[in-house]
Amino acid sequence: MTSNKRFGFSFRMVAIIVLVLTIVLPTSTLAAEDDSDFSLTIMHMNDTHAHVEPLPRMLTAVKEVRADNPEALLLHAGDVFSGTLYFNQFHGKADLALLNLMDFDAMVFGNHEFDLGSGEDGHESLSEFVAEAQFPFLGTNIDFSGDPFMAAYISENALSDSPENGSVYDGIIKEVNGEQVGIFGLTTEDTANISSPVNVQFLNYIAEAERAVAAFEEQGVDKIIALNHIGYDSTPDIGNDLQLAASVDGIDVIVGGHSHTRLDEPTVVSTDENGAEKDPTVIVQAHQYAQLLGKLDVNFDENGVVVGYDGQLIDINEKEADPEAEEVLSSYKEEVDELTNQETGAVAMRDIPNPRLGDSEVSVRANETELGNLITDAMLAKAREKNPEVVIAMQNGGGIRAAIDEGPITVGEVIAVLPFGNDPVVAKLTGAEIKEILEHSVRQAPAESGGFLQVAGMKFNYDSTKEPGSRIVTMEVEVEGEYEDIDLDQTYLVTTNNFTGKGGDGFEVFAQAYDEGRVRDIGEIDWEQLRDYMVEDLGGVVDPVIEGRITDLLGEEPEAPEKPEEDNDGTPDEEGQEDGGDTGEGTDNNGSNDGSGDGENTKEDTDKVGSEDEEDKVDSEQKNGQETSEDNNNEAGSGNESNQEEGERLPDTATNMYTFLLLGAIVLIIGIGVLVYRKVKTS
């Protein structure tokens with residue numbers, strides 16, 4: 001009987017302990033954070049790129065955060081301009097009408113904000129955008145003094161604690177819950193190369209950041225935010241957020257943009273460029289296209305040092321649209337819908353299909369296609385206008401989403417073909433790296449793969465009967481109208497979209513080149529390249545053909561090139577054959593396999609925009625230049641797995657110590673209670 005009572009007592013005590021720990025431990029963690037000297041909430045977005053239609057849902061998300069924390073800051077890390085028909089038609093004013101409803105605290109200029117400079121002989125549209133904004137702007141490393149339109153909007157008070165709407169500052173000071181928070185903003189110096197800043201100058205980001213931090217500290221401000229459009233990990237020879245965090249002391253939080261990076265959890269940098277310990281810097285970025293609202297809660301001690309944080313990305317697609325914002329949007333949307341049906345001036349001489357296995361013997365994800373040739377020809381031609389040394393173009397088949405019908409080609413059709421608004425990039429690659437990229441492209445052939453590459457400026461033979469990784473047989477690049485073998489040791493410039501260029505679809509070579517700073521944005525939009533190429537370069541006559549650019553040998557040996565005749569220049573003949581080259585016989589037969597797809601999963605840290613995972617999701621919003629986004633989309637080549645290797649988590653702080661002390665106290669109290677109980681029972 002006694003043993004049963006003891007068992008019952010022991011069971012009850014275990015149950016009590018479990019219940020207490022379940023309730024108290026989460027509370028203790030929060031209590032430790034609440035015990036910090038100051039807590040700050042920051043909402044943030046970046047690279048919205050004229051994707052106006054999600055903004056009514058974004059406003060709902062912002063209002064929900066403010067309902068819990070009215071003092072939360074709201075920041076935009078740049079690139080409102082360029083990307084959809086809303087920008088083509090309204091030059092940022094449609095976006096601004098909705099952004100003005102959100103009560104932003106500040107916005108930094110992105111490189112695309114300077115896209116119209118050369119066409120307007122200065123930044124007239126940008127100045128109008130700034131003038132009508134109901135929030136201030138940051139341009140810490142920008143010199144606007146030479147621009148006839150923007151110079152008037154530069155505040156004489158470079159560092160202001162009472163910033164005015166529609167003015168540009170080096171830095172601003174916001175009072176939040178009785179504490180001062182300093183905010184400055186940097187724009188990538190690469191803007192001079194990838195946009196049209198004309199007379200606007202961009203200064204060294206490290207030097208200007210150090211100057212801003214020193215100015216804040218002189219004012220007694222020890223909680224400092226850098227609102228940046230320099231990229232999370234991009235172009236290390238130009239500069240990025242990770243380098244800034246390691247190089248400049250005193251920056252507590254970096255809210256980033258430009259690289260379209262999705263950081264589901266913040267990165268923390270707590271060592272400097274030499275590996276020495278430093279006060280932590282928390283870095284956040286919220287991907288792209290107004291699909292996610294970033295929310296960061298960060299805690300400071302009495303010295304303004306970060307001691308805790310919690311970050312998340314809120315999927316705005318789960319929110320209801322704000323009614324007021326919907327009404328504002330409607331007046332712009334009606335005009336854009338009409339523009340979608342506007343003819344480009346180009347005419348398709350026949351249907352240009354976008355075939356898939358199951359409906360066809362060939363597939364855009366397994367074979368050379370006419371549409372793939374058209375798109376890559378456009379990429380190559382337009383990249384060469386920026387840099388004549390670009391020789392090859394590559395486009396992932398999974399990013400080509402629709403066919404073009406015979407007859408006049410509308411703007412909406414072009415956007416449906418390339419609906420993701422990807423930025424074209426140029427990569428510097430060796431011939432050996434190109435071979436490795438092509439091996440990855442054809443690794444699943446003749447089955448479909450979203451990473452199967454359509455190409456221009458080159459042709460190659462592969463053998464799908466061989467083991468993946470050993471399939472490429474020949475590779476040739478076109479030089480002055482003739483094809484020559486690609487030299488494995490030589491360096492070539494290759495253009496592709498930023499999804500592939502950052503490692504999307506598992507292209508590790510591209511990801512490595514991106515990490516090493518060998519991949520550069522050229523400041524264009526892919527669908528606009530295609531539109532302009534068809535009108536300007538083709539004279540409006542669109543009639544692409546199969547040219548034998550990609551040939552599956554299927555176990556056969558490649559045909560030896562014929563000896564060139566006197567009139568043979570190595571260019572395709574009228575039937576699309578290469579004189580003296582490999583014989584594609586006008587078509588590529590390697591798609592006879594009836595497989596339904598590859599089922600490939602890209603890396604966890606790779607943005608699935610433009611890959612096969614987005615199949616059949618081109619809705620009416622995308623046809624207006626919008627991109628739908630799934631909650632698990634991550635930015636190519638810059639996701640969490642690799643990101644967290646660059647930065648470090650915060651060391652154990654008061655949060656953990658408080659938890660251990662509280663746990664010890666609870667166990668001690670329970671132990672004393674047990675002893676007292678037994679003492680009473682035995683007496």
Only one of D170, T140, N141 clears side-chain hydrogen bond (donor to acceptor under 3.5 Å, both in side chains) with R211; which?
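Result: among D170, T140, N141, D170 is the only option passing the side-chain hydrogen bond (donor to acceptor under 3.5 Å, both in side chains) with R211.
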
Which of these passes side-chain hydrogen bond (donor to acceptor under 3.5 Å, both in side chains) with D47: H287, H260, Q288?
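With D47 as partner, H287, H260, Q288 yield a single side-chain hydrogen bond (donor to acceptor under 3.5 Å, both in side chains), made by H260.
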
Give the ring-plane orientation class for F114 versus F109, where under 30° counts as parallel, over 60° as perpendicular and anything between as tilted.
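F114 vs F109 ring planes: tilted.
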
Tell me whether the rings of H76 and F104 are parallel (<30°), tilted (30 to 60°) or perpendicular (>60°).
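Rings of H76 and F104: tilted, 30 to 60°.
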
Between atom CD1 of I42 and atom CG of D105, what is the distance when rounded to the nearest 0.5 Å?
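Between atom CD1 of I42 and atom CG of D105 there are 10.0 Å.
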
Atom OG1 in T84, atom OH in Y289: separation rounded to 0.5 Å?
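So the gap between those two atoms works out to 10.5 Å.
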
S259 vs K502 side-chain heavy atoms within contact, under 4.5 Å:
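Side chain of S259 against side chain of K502, heavy atoms only: contact under 4.5 Å found.
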
What pair of heavy atoms forms the shortest contact from T235 to V519, and how long is it?
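Taking every non-hydrogen atom into account, CG2-O, 4.2 Å.
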
Does the side chain of [X] pick up a donor-acceptor pair with the side chain of [Y] at under 3.5 Å?
X	Y	value
H229	T191	no
T41	N69	yes
D190	T188	no

What residues, two or more places apart in sequence or in another chain, satisfy ring pair (Phe, Tyr, Trp, His ring centres under 6.0 Å) together with H44?
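Ring pair (Phe, Tyr, Trp, His ring centres under 6.0 Å) list for H44, sorted by chain: empty.
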
Using the test salt bridge (charged side-chain N to carboxylate O under 4.0 Å, His left out), find all partners of D297 that sit at least two apart in sequence or belong to another chain.
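Partners of D297 by the salt bridge (charged side-chain N to carboxylate O under 4.0 Å, His left out) criterion, ordered by chain and then number, come out as K295.
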
Just wondering, are more than 12 heavy atoms of other shown residues or ligands nearer than 6.0 Å to CD in E273?
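Above 12, so yes.
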
Flag if over 12 foreign heavy atoms under 6.0 Å of CD, E320
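Check fails, neighbour count at 12 or below.
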
Can you list everything that forms a side chain to side chain donor-acceptor pair (under 3.5 Å) with D115? Sequence neighbours excluded, please.
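Partners of D115 by the side chain to side chain donor-acceptor pair (under 3.5 Å) criterion, ordered by chain and then number, come out as S82, H112, S195.
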
